[in-house]
Amino acid sequence: SGAQLKSNSAEPRPAEAESPLARFKRFRLTASNLNSSLASAQERGDELGIRFFGHLEGWLGRKSKEKNFVMQFRSDDIDEAVEEFQQLMEQIESTSESEGN
């Protein structure tokens with residue numbers, strides 16, 4: 001069933017179906033959710049959560065400075081930040097492994 005999900009999400013969505021205001025609201029909601037998730041991770045003392053949500057929040061902050069990013073924001077845009085974080089974590093892991101811990 002995993003392959004089924006992928007084929008559905010790969011379908012092109014018409015860009016004009018959504019207003020810039022709707023995209024802006026999604027951006028604001030996403031930023032708010034990340035902020036809440038980061039605060040929650042900090043309360044729990046969850047190191048990985050703090051790193052993860054901190055990274056996503058920082059990425060969103062940097063991207064929001066780009067022209068039109070906020071008004072064109074799609075929910076799957078954040079995937080780029082998640083992939084970036086995964087790559088960073090892999091680099092950290094391979095670095096600590098090569099140092100022999």
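For this chain, numbers begin at 1 and follow the sequence in order. This structure is a prediction, so every number in the text was calculated from the model and none was measured. Reckoned from all heavy atoms, side chains included, excluding hydrogens, waters and symmetry mates.
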Subject >> Flag, side chain of Ser36 to backbone of Ser32, donor-acceptor distance under 3.5 Å >> reply: yes
Original post:
When you measure from the side chain of Asn68 to the backbone N and O of Met71, does any donor-acceptor pair fall under 3.5 Å?
Top reply: no
Working to the nearest 0.5 Å, report the span between [atom1] of [X] and [atom2] of [Y].
X: Asp79; Y: Glu84; atom1: CG; atom2: CD; answer: 12.5 Å
X: Arg51; Y: Leu56; atom1: CZ; atom2: CG; answer: 14.0 Å
X: Ser37; Y: Ile50; atom1: OG; atom2: CD1; answer: 12.0 Å

Looking at [X] and [Y], what are the two nearest heavy atoms and their distance?
X: Leu38; Y: Glu57; answer: CD2-OE1, 3.1 Å
X: Ala41; Y: Gly49; answer: CB-C, 3.7 Å
X: Arg74; Y: Arg23; answer: CG-NH1, 2.8 Å

**OP:** Return the set of residues passing ring pair (Phe, Tyr, Trp, His ring centres under 6.0 Å) with Phe27 (not counting sequence neighbours), or none when no residue passes.
**Re:** Phe73
Original post:
Are there more than 12 heavy atoms of other residues, nucleotides or ligands under 6.0 Å from atom CZ of Arg62?
Top reply: yes
Does a side-chain heavy-atom distance below 4.5 Å link [X] with [Y]?
X: Leu34; Y: Ile78; result: yes
X: Ile92; Y: Met89; result: yes
X: Val82; Y: His55; result: no

**OP:** Establish, from distance only, whether the side-chain atoms of Arg44 and Ser40 form a donor-acceptor pair under 3.5 Å.
**Re:** yes
Original post:
Quick one: do Leu60 and Phe24 end up in the same hydrophobic cluster if we chain Ile, Leu, Val, Met, Phe, Trp and Tyr together by side-chain heavy atoms under 4.5 Å apart?
Top reply: yes
Subject >> Glu18/Arg26 salt bridge by N-O under 4.0 Å criterion >> reply: yes
Original post:
Looking at residues at least two apart in the chain, or sitting in another chain, which of them share a side-chain contact (heavy atoms from CB on, under 4.5 Å) with Lys63?
Top reply: Trp59, Glu66, Phe69, Glu80
